[in-house]
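Keep in mind it's a predicted model, so treat the numbers as computed, not measured. Numbering of residues begins at 1 and proceeds along the displayed sequence. Whatever order the structure lists them in is the order used to number ligands and atoms, beginning at 1.
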Amino acid sequence: MKATAQAPSNIAFIKYWGRKDNELRLPANHSLSVNLEGLSTVTTVEFSGDLAEDGVEINSQVATGKQQSRVVKLIDRVRQMAGVQTKAKVTSYNTFPKGAGLASSASGFAALALASTAALELDLSEKELSQLARLGSGSACRSIPDGFVEWQTAETHEDSFAHSLHPANHWKIVDVIALVDQTEKTISSSEGHEAALKSPFYQTRIQHYLPNQYTRIKDALANRDFTTFGLAMEEEAINFHAIIMTSDPSILYWNAATMTVLHAVRQLRTQGLEAYFTIDAGPNVHIFVEEHNVEALVATLGQIPGIQEILVAPPAQGARLITEQAA
Ligand code: DP6
């Protein structure tokens with residue numbers, strides 16, 4: 001009645017922003033991402049008749065409030081699937097550097113979905129696991145399959161899941177992450193998804209901008225065309241943040257150092273170092289380069305004031321069961 005799973009975080013090239021259904025977390029648009037090596041969550045779930053209530057511990061701290069109820073809600077669903085009422089103890093930790101400001105619900109809910117279903121011997125398919133993880137956090141469904149991943153929007157729970165487009169070793173591109181702010185963001189993604197619908201540019205993004213951009217990035221990934229991939233990914237990041245800034249309420253995730261890094265990346269390109277950025281719902285900058293350029297990029301970023309830490313994350317495989325137990 002106990003299992004441990006490890007799941008990677010992921011960064012999207014086409015972001016999921018805005019939903020068709022909040023409860024089921026059905027996204028308004030298809031998204032594309034890659035799993036990130038070294039940034040993962042390890043979760044142990046143990047169901048036991050000895051427990052009087054569910055317990056959730058994350059990074060050695062007892063989870064309370066919304067954080068706890070979101071975990072219990074997913075466990076409730078798993079219990080329902082297995083036809084049991086046994087209480088569970090959930091222990092989880094992130095392998096991210098402490099306070100990296102990257103702690104992601106994606107790796108957390110992917111690891112939780114896999115560990116909890118394995119603990120009750122449900123033996124779900126990858127598709128079913130992805131659907132389940134999605135209910136905890138939308139982007140978590142993309143942390144179940146390996147490597148480069150696509151998540152299609154759909155009208156029903158059964159039809160909205162992620163699958164692998166290419167394994168992690170398909171392409172040696174690397175995400176070099178410039179951390180410029182390591183505090184937890186004050187506006188959650190959930191609030192952002194709702195606020196986005198009120199941006200005057202939102203429908204343009206969904207109906208006119210994303211369909212072409214999606215194909216462009218998907219094809220570039222298949223062909224390992226770094227220039228097309230990078231330019232399209234960077235363009236999408238700007239479009240995404242334009243929605244964020246013009247949503248209601250307006251959200252500004254960037255800080256001054258974010259802007260400095262964006263300029264530095266474009267400057268590097270003029271000097272012959274091919275690097276492209278994307279930015280999640282936060283101030284930290286994800287910079288993609290081909291593997292042979294990682295060292296040069298890290299050395300350059302090291303000179304930029306305002307960067308607190310630099311992480312290097314190659315593509316990773318998806319969620320898997322492991323023997324080690326989350327401490
Ligand atoms: C900006 O998956 O965190 O990272 O479903 O409310 O948990 P919830 O949202 P979440 O949204 C993440 C959005 C994003 C872009 C992306 O990963 O696609």
Side-chain angles (χ1 to χ4, degrees), residues 7-36 39 41 66-67 69-71 73-74 77 94 96 100-113 130-145 148-154 157 160-162 165 175 177 184-197 199 202 205-206 210 213-214 217-218 233 236-245 247 251-254 258 277-286 313 316 318-319:
S9 180
N10 69 73
I11 179 72
F13 310 134
I14 296 272
K15 314 275 186 306
Y16 142 57
W17 204 240
R19 309 183 185 117
K20 285 181 185 172
D21 184 307
N22 283 333
E23 188 60 25
L24 291 176
R25 291 189 151 80
L26 296 175
N29 59 275
H30 305 330
S31 56
L32 293 170
S33 62
V34 69
N35 291 327
L36 301 174
L39 302 177
T41 301
K66 267 191 192 165
Q67 200 183 27
S69 57
R70 219 166 141 180
V71 171
K73 199 171 171 193
L74 199 81
R77 178 133 190 153
N94 292 326
F96 311 164
L102 288 172
S104 150
S105 55
S107 53
F109 279 101
L112 181 67
S130 180
Q131 291 164 349
L132 178 65
R134 193 201 75 236
L135 295 173
S137 176
S139 54
C141 77
R142 295 190 313 242
S143 287
I144 297 287
F148 296 83
V149 174
E150 144 176 277
W151 169 24
Q152 301 222 339
T153 180
H157 169 66
S160 189
F161 56 92
L165 290 172
D175 182 7
I177 309 167
E184 209 169 299
K185 63 185 180 216
T186 49
I187 301 157
S188 71
S189 295
S190 293
E191 290 167 85
H193 286 293
E194 293 202 30
L197 308 183
S199 162
Y202 181 71
R205 170 173 164 90
I206 300 294
L210 286 182
Q213 202 67 355
Y214 192 83
I217 297 188
K218 193 171 167 179
M233 173 184 69
E236 192 276 341
I238 301 283
N239 183 285
F240 167 60
H241 279 270
I243 298 295
I244 289 176
M245 290 176 194
S247 64
I251 306 167
L252 286 176
Y253 282 123
W254 300 357
T258 309
F277 62 75
T278 188
I279 320 161
D280 220 343
N284 300 312
V285 187
H286 294 249

Are any of the N/O atoms in [X] less than 3.5 Å from those in ligand 1?
| X | answer |
| --- | --- |
| S190 | yes |
| N10 | no |
| G138 | yes |

If you take all heavy atoms of I251 and A195, which pair is closest and at what distance?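 So the two residues come closest at CD1-CB, 4.5 Å.
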Original post:
Considering all heavy atoms of both residues, which atom of I279 and which atom of K15 are nearest to each other, and what is their separation?
Top reply: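 Closest approach of I279 to K15: O-CE, 3.3 Å.
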- request: Determine, step by step, whether H30 and L210 satisfy the side chain to side chain contact (heavy atoms under 4.5 Å, CB included) criterion, reporting the C-alpha distance in whole Å, the side-chain angles of both residues, the deciding distance to 0.1 Å, and the verdict.
  value: CA-CA 8 Å; H30 305 330; L210 286 182; over 6 Å; no
Residue [X] vicinity, atoms of ligand 1 by number, heavy atom under 4.0 Å:
| X | result |
| --- | --- |
| F240 | 1 (C) |
| A12 | 16 (C), 17 (O), 18 (O) |
| R19 | 5 (O), 6 (O), 8 (P) |
| A281 | 1 (C) |
| W17 | 1 (C), 13 (C) |

- Task: Spell out, as yes or no, whether a donor-acceptor pair under 3.5 Å connects the side chain of S130 to the backbone of C141.
- Result: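 A pair under 3.5 Å: yes.
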Is there a donor-acceptor contact under 3.5 Å from the side chain of R134 to the main chain of F161?
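No, because the side chain of R134 does not come within donor-acceptor range (under 3.5 Å) of the backbone of F161.
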- When you look for heavy atoms under 4.0 Å from ligand 1, do you find them on the side chain of R25, its backbone, both, or neither?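 The side chain, only.
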Given side chain to side chain contact (heavy atoms under 4.5 Å, CB included), test F240 with R205 step by step and report yes or no. CA-CA 8 Å; F240 167 60; R205 170 173 164 90; 3.9 Å; yes
So which of [options] gets nearest to [atom], if we judge by its closest heavy atom?
| atom | options | answer |
| --- | --- | --- |
| atom 7 (O) of ligand 1 | G192, S9, S137 | S137 |
| atom 3 (O) of ligand 1 | G136, A140, S189 | S189 |
| atom 11 (O) of ligand 1 | K15, H193, R134, E194 | H193 |

State yes or no: are the ring centers of W17 and H193 separated by less than 6.0 Å?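 Between H193 and W17, which both carry aromatic rings, the centre distance is below 6.0 Å.
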Nearest to [atom], what protein heavy atom do you find, and at what distance?
| atom | value |
| --- | --- |
| atom 13 (C) of ligand 1 | Y16 O, 3.4 Å |
| atom 2 (O) of ligand 1 | S139 OG, 2.6 Å |
| atom 4 (O) of ligand 1 | D280 OD1, 2.7 Å |
| atom 17 (O) of ligand 1 | R142 NH2, 2.7 Å |

Out of curiosity, is [X] lining ligand 1, as in a heavy atom under 4.0 Å away?
| X | value |
| --- | --- |
| S105 | yes |
| E191 | no |
| F109 | no |

| said: Please check if the number of heavy atoms outside K20 that lie under 6.0 Å from its NZ is greater than 12. | reply: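 Yes, enclosed.
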| Option among V34, L39, N35, I177 that satisfies the side chain to side chain contact (heavy atoms under 4.5 Å, CB included) test with I11 |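 Among V34, L39, N35, I177, the one meeting side chain to side chain contact (heavy atoms under 4.5 Å, CB included) with I11 is V34.
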Can E23 and K73 be counted as an ion pair, charged N to O under 4.0 angstrom?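 A salt bridge links E23 with K73.
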>> Quick one, L32 with F148, criterion side chain to side chain contact (heavy atoms under 4.5 Å, CB included). Give me CA distance, side-chain angles, the key distance, then yes/no.
In response: CA-CA 7 Å; L32 293 170; F148 296 83; over 6 Å; no
message = Classify the ring geometry of H241 against Y253: parallel below 30°, tilted from 30° to 60°, perpendicular beyond 60°.
response =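 Perpendicular.
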